[in-house]
Amino acid sequence: MRLLNIVPLSVLVLLPGLAFGLGSRLPDQDAEATARGNAFTATADDASAIYYNPAGIMQLGDGLSTESGLYGIFIDEQYDPLHGQEGAHSSTAHEPVQPVPQLFMSYHPKDQVFSFGIGIYSPFGLKTEWPDDASFRQAGLYGSEEFIAFNPVFAVQVTRSLSIGLGISANYIDAQLRQGLSPMPGDSFSFKGDGLAVGGNAGIMWKPTERQSIGFSYHSPVSGDLTGHTQEGLNGAERRASEAGNAKLAAGKQQLDSTIQQIDSLPIPPSAKAALISQATSEYDAAVAASGVGPSGSFPTSFPTLGAKGNLKFPQYAVLGYSFRPTPQWNLEADIDWTDWDALNTVSLKRSDGSTVNVPFDWTHSFLYEVGATYAIGLYKLSAGYIYSENSVPSATFSPIIPDSARNVFSVGIGRSFGRCNIDLAYQLGIGGTRTIVNDSVADGRYSFLSNAVSISLGYHF
């Protein structure tokens with residue numbers, strides 16, 4: 001007796017292990033600081049000190065100091081397959097200019113030893129989108145993150161040469177990701193969630209002499225509970241294949257029922273009927289199992305939107321800087337900036353149906369080495385800087401969403417004072433060397449990075 005031969009169907013219905021990296025530090029919160037390679041912690045002499053070193057707001061003089069600014073970055077990322085990598089092709093992620101605004105306000109009461117202020121800025125953020133037909137689409141296609149910090153601070157002049165600052169931050173976080181379920185364009189798994197979190201920052205500024213300054217800044221880790229939803233979708237070919245598979249399953253079940261009825265009508269002993277029915281049922285079950293159908297007994301043609309929650313940790317980071325002014329016109333500074341990416345391990349997205357999607361990070365801590373100089377000429381200031389940025393993402397958990405690599409960042413800028421007002425402009429070029437990933441995974445290949453950014457800040461002292 002032969003039952004319907006159910007054709008095996010290779011429709012991917014299980015969530016892959018995600019390799020998605022959320023978040024990238026944005027240390028560029030002021031145009032002059034950006035022009036100086038962000039070597040600004042020991043200088044911090046405008047309202048953006050709220051971010052760079054809150055102790056620095058004690059230098060701003062009596063009254064209200066404000067600064068608003070915009071940092072815009074254009075990112076160009078390129079993927080090329082390895083030699084002999086069958087079926088893979090090159091892809092480019094051209095990101096439009098991503099604007100990142102900032103606003104800082106600081107107030108120093110006359111004849112007082114304290115100042116206070118507030119900053120609204122984005123210390124983390126990222127948006128990356130690859131073409132839907134990227135060879136590595138199962139490893140990641142799209143990722144975006146918004147992190148907005150509302151950061152009030154308070155600073156005190158402890159001695160003539162020493163000031164300290166403390167702050168607390170209320171943070172809003174919004175994160176989205178999307179990746180393919182299969183190598184075929186059109187299908188996807190996506191997550192969107194947001195939440196609130198609390199953090200803090202602190203700073204110290206010590207001026208042992210009029211020409212020297214030492215600054216230290218610290219930002220605490222932030223742990224955000226994100227609440228949102230996940231969604232999966234099939235492409236047209238997969239949906240049609242599921243429908244065809246379900247039709248074959250239904251036909252096979254109908255044939256089994258008909259076969260059982262025929263066996264029941266045979267003039268043979270009950271034990272023989274039971275044996276034949278058992279044989280027919282076993283053949284059907286084996287054909288169903290060979291088709292690859294899931295526990296539900298049918299191939300999915302659509303998926304429900306499921307609620308999802310997850311906790312995302314953002315790292316603590318600290319900066320130590322030394323500023324030297326050989327003449328009143330020159331300001332030279334060198335900083336070392338440490339970020340504790342070790343805190344970012346595996347994030348678990350718990351869904352409302354009881355399933356869990358694990359997002360592996362396992363990043364490592366890294367340093368930024370920053371040097372910068374500013375030269376004052378009358379009402380103008382000319383600045384230049386350089387940053388060497390270490391890689392934070394190990395090859396084992398590499399994701400195309402954040403193709404991190406060691407990078408060299410160069411910057412220049414100009415500023416001018418107009419009485420109580422000042423304006424600063426900066427240009428920044430980031431160059432990442434080609435990084436080769438060989439993990440025997442869909443993300444294998446060569447990745448390169450190039451960024452161009454501009455920054456503008458407008459300050460006013462009331």
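Heavy-atom basis, side chains included; hydrogens, waters and symmetry copies ignored.
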Have Thr374 and Asn331 got a donor and an acceptor in their side chains that come within less than 3.5 Å?
no
Is a side-chain donor or acceptor of Thr66 paired with a backbone partner of Tyr460 at a separation under 3.5 angstrom?
yes
Let me see the working for Asp340 and Trp338 under side chain to side chain contact (heavy atoms under 4.5 Å, CB included), right down to the final yes or no.
CA-CA 7 Å; Asp340 183 26; Trp338 170 78; 3.4 Å; yes
Does a side chain donor of either Asn151 or Tyr51 reach within less than 3.5 Å of an acceptor in the other side chain?
no
I'd like to know if the side chain of Arg407 reaches the main chain of Ile387, judged simply by a donor and an acceptor atom lying under 3.5 Å from each other, with no hydrogens or angles considered.
no
Answer whether the closest heavy-atom distance between the side chains of Gln176 and Ser190 falls below 4.5 Å.
no
Cut-off 3.5 Å, side chains only: do Asp337 and Tyr317 have a donor facing an acceptor?
no
Can you check salt bridge (charged side-chain N to carboxylate O under 4.0 Å, His left out) on Asp404 and Arg435, steps first, answer last?
CA-CA 8 Å; Asp404 198 22; Arg435 184 174 182 185; 5.8 Å; no
Identify the two heavy atoms, one from Phe410 and one from Ile431, that lie closest to each other, and give their separation to 0.1 Å.
CE1-CD1, 4.3 Å
Please work out whether the ring planes of Tyr52 and Phe40 are parallel, tilted or perpendicular, with thresholds of 30° and 60°.
perpendicular
Please examine the side chains of Gln102 and Leu26, heavy atoms only from C-beta on, and report whether any two atoms are closer than 4.5 Å.
no
Heavy-atom side-chain proximity of Pro185 to Asn235 below 4.5 angstrom:
no
For the residue pair Asn422 and Lys381, establish whether any side-chain heavy-atom pair is separated by less than 4.5 Å.
no
Hey, does Thr397 have a side-chain heavy atom less than 4.5 Å from the side chain of Phe361?
no
Give the intermediate values and the outcome of side chain to side chain contact (heavy atoms under 4.5 Å, CB included) for residues Asp257 and Lys253.
CA-CA 6 Å; Asp257 293 339; Lys253 183 63 168 62; 3.0 Å; yes
Output for pair (Ile57 CD1, Asp45 CG), nearest 0.5 Å, gives 13.0 Å
Can you spot which of Gln98, Gln428, Gln29 makes a side-chain contact (heavy atoms from CB on, under 4.5 Å) with Tyr71?
Gln428
When rounded to the nearest 0.5 Å, the distance separating NZ of Lys313 from OG1 of Thr346 is 10.5 Å
Using the side chain to side chain donor-acceptor pair (under 3.5 Å) rule, take Gln316 and Tyr218 through it: C-alpha gap first, then chi angles, then the decisive distance, then the call.
CA-CA 8 Å; Gln316 61 182 334; Tyr218 172 79; 2.7 Å; yes
Are a donor atom and an acceptor atom from the side chains of Asn391 and Ser405 found within less than 3.5 Å of each other?
no
Pair Asp76-Thr92, side-chain donor/acceptor within less than 3.5 Å:
no
Pair Thr128-Ile75, side chain to side chain contact (heavy atoms under 4.5 Å, CB included): steps then yes or no:
CA-CA 9 Å; Thr128 302; Ile75 298 175; 5.8 Å; no
Just say parallel, tilted or perpendicular for the rings of Phe367 and His365, cut-offs at 30° and 60°.
perpendicular
Can you tell me how far CZ of Arg178 sits from CG of Asp132, rounded to the nearest 0.5 angstrom?
6.5 Å
Residue pair Ala426 / Ala31: nearest heavy atoms and the distance that separates them
CB-O, 3.3 Å
Does a side-chain heavy-atom distance below 4.5 Å link Ser182 with Glu238?
yes
Worked check of side chain to side chain contact (heavy atoms under 4.5 Å, CB included) between Ser90 and Gln78
CA-CA 8 Å; Ser90 298; Gln78 177 69 32; 3.8 Å; yes
Between Pro81 and Ala88, the two heavy atoms sitting closest are CB-CB, 3.5 Å
Within this structure, what is the CG-CD distance for the pair Asn171 and Glu146, rounded to the nearest 0.5 Å?
13.5 Å
Answer yes if the side chains of Asp46 and Ser65 hold a donor-acceptor pair under 3.5 Å, and no otherwise.
no
How long is the gap from OG1 on Thr34 to CG on Leu425, to the nearest 0.5 Å?
11.5 Å
Within the supplied structure, the quantity of interest is the number of heavy atoms (other residues, nucleotides, ligands) at a distance under 6.0 Å from Gln254 CD; does it exceed 12?
no
Is the ring pair Phe314/Phe124 parallel, tilted or perpendicular, if the boundaries are 30 and 60 degrees?
tilted
Verify whether one side chain among Tyr447 and Glu77 offers a donor that lies under 3.5 Å from an acceptor in the other.
no
Does the side chain of Asp285 pick up a donor-acceptor pair with the side chain of Ser282 at under 3.5 Å?
no
Roughly how far, to the nearest 0.5 Å, is CD1 of Ile423 from CD of Glu67?
11.0 Å
Examine the side chains of Ser323 and Ser213 and answer whether a donor and an acceptor come within less than 3.5 Å of each other.
no
Ignoring hydrogens and angles, state whether a donor on the side chain of Thr41 or Asp335 is under 3.5 Å from an acceptor on the partner side chain.
yes
Note, Leu368 side chain near Asn38 side chain (heavy atom, < 4.5 Å):
no
Counting N and O atoms only, with roles assigned by atom type, does the side chain of Ser122 sit under 3.5 Å from a partner on the main chain of Phe147, one being a donor and the other an acceptor?
yes
Is a donor on one side and an acceptor on the other found under 3.5 Å between the side chain of Thr281 and the backbone of Ile277?
yes
Phe303 to Gly233 - nearest heavy-atom pair and separation
CD1-N, 4.3 Å
For a 4.5 angstrom cut-off between non-hydrogen side-chain atoms, does Pro394 reach Trp363?
yes
